[in-house]
Trainee: 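Before anything else, here's the structure in question.
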Amino acid sequence: MSIRTLDDLLAEGVSGRRVLVRADLNVPLDKQSGDITDDGRIRAVLPTLSALTGAGAKVVVCSHLGRPKGAPDPQFSLRPVAGRLGELLGAPVRFATDTVGESARSTVDALADGEVALLENLRFNSGETSKDEAERSAFADQLAAFGDAYVDDAFGAVHRKHASVHDVPARLPHVAGRLVLREVEVLSRLTGEPERPYVVVLGGSKVSDKLAVIEALLPTVDRLLIGGGMCFTFLKAQGHEVGSSLLEEEMVETCRNLLERSEGKIMLPVDVVAADAFAPDAAHDTVPADGIPSKRVGLDIGPETVAGFAAALKGARTIFWNGPMGVFEMPAFAHGTRGIAETIAKTDAFTVVGGGDSAAAVRALGLDESSFGHISTGGGASLEYLEGKTLPGIAALEN
Ligand code: 3PG
Ligand code: MG
């Protein structure tokens, strides 16, 4: 694998050059106020941006936010992100109100050496995500015109075959940014020869989303602990009734098959917190996993399960965790996720938290981020990496 890095680009000299940086600034926003509720992804790209501004580059940052449908949609504007990025960089960030139009052109033209501009949401343009090569290419041409070199630091989006990720690097000298490099370095430790025991904790709502990664991990892990909404389909596969808990009926047979093939590596909850409704103030109590009452919905793993999972995690040398153990956004159902997160934080293992919801959970629960080996900024991307899939954004950097 021969990927050129930011250091290679810096060694060439970037002073006065326009450097187009693809970042993943897809941060969660509060539905009411529009405020950024977790700026982890913005902070994660700062090392790359500071290195470039420090070296005198004209830095043009582009990103997606949410899933707008190929046209401008104010609720997905990157404007609040430009503000926060400026605060964190300690220097104003010029914001373009379009991605490749008049505003973008004049904003990029006005950049002085060492300054940063942020273009409006890439996905306000249908060319960004188009399956049509010609449409994607046309958009990639427009974007590439804003840079003399390209840096990919959008780890969370490397699994997308999108114009800014896959087609722009074919048009410009391209390198991997510090974040992409660190993510790949860490995740390759998991797919290589992880120190054993290697224990993986998976949660989240759907088995169907995690099926490929479970298949890929089963032969390599020593233990696979399963919680979150997806555990109920496994419990059903074991022959238990799950009440009105989340269930993917069409996956029950697949789960039964996985359990049979797992050589006892898969550990499931032995107790769950069952509520009479999916609501923060719902009446609830802890019940055995094989005795969930018919009208109850399981919203968290129970304390006995937390203790059992903790025992399995204690001696581990390598841990990967993706997906919350319960509905952690509701305090009554956050104990499982907190218990597992705190246990992982305390081990001496090399620990990796896989993006999205689990990274948000670590911060939302007020845990110390530095007590984890690495918190990935990629949810889907880190899972696809562990599945061994070719990631379009990484492949594009290798060429
Ligand atoms: C993410 O949040 O998973 C990344 O930013 C990618 O976003 P997407 O799943 O909408 O492509
Ligand atoms: Mg996603």
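When a ligand or atom number is given, it counts from 1 through the structure's own listing order.
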Trainee: Establish whether Leu49 and Val151 are linked, either directly or via other cluster members, by ILVMFWY side-chain heavy-atom contacts under 4.5 Å.
Mentor: yes

Trainee: Show the atoms of ligand 1 that are less than 4.0 angstrom away from any heavy atom in Arg160.
Mentor: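 Close to Arg160: 8 (P), 9 (O), 11 (O).
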
Trainee: Please assess Arg196 against Asp222 for the test salt bridge (Lys or Arg N to Asp or Glu O under 4.0 Å), listing each intermediate value before the final yes or no.
Mentor: CA-CA 8 Å; Arg196 295 185 180 281; Asp222 297 295; 3.0 Å; yes

Trainee: So if I count the atoms of ligand 1 from 1 in the order they appear, which ones are less than 4.0 Å from some heavy atom of Asn26?
Mentor: 1 (C), 2 (O), 4 (C), 5 (O), 7 (O)

Trainee: Numbering the atoms of ligand 1 from 1, which are under 4.0 Å from a heavy atom of Arg123?
Mentor: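 Near Arg123, the atoms of ligand 1 are 7 (O), 8 (P), 10 (O), 11 (O).
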
Trainee: If you measure only the distance, is there a donor-acceptor pair under 3.5 Å linking the side chains of Ser33 and Asp30?
Mentor: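 Looking only at side-chain atoms, Asp30 and Ser33 do form a donor-acceptor pair, the distance falling under 3.5 Å.
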
Trainee: If you take the nearest heavy atom of each of His64, His159, Arg67, Arg41, which one is closest to atom 1 (C) of ligand 1?
Mentor: Arg41

Trainee: Only heavy atoms of Asp24, strictly under 4.0 Å: list the atoms of ligand 1 that pass.
Mentor: 4 (C), 5 (O)

Trainee: By number and element, which atoms of ligand 1 are closer than 4.0 Å to a non-hydrogen atom of Gly156?
Mentor: 4 (C), 6 (C)

Trainee: When you compare the side chains of Ser208 and Glu248, does any donor N or O come within less than 3.5 Å of an acceptor on the partner?
Mentor: yes

Trainee: Going by atom types only, do Asp271 and Thr286 share a side-chain donor-acceptor pair under 3.5 Å?
Mentor: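 Side chains of Asp271 and Thr286: no pair found under 3.5 Å.
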
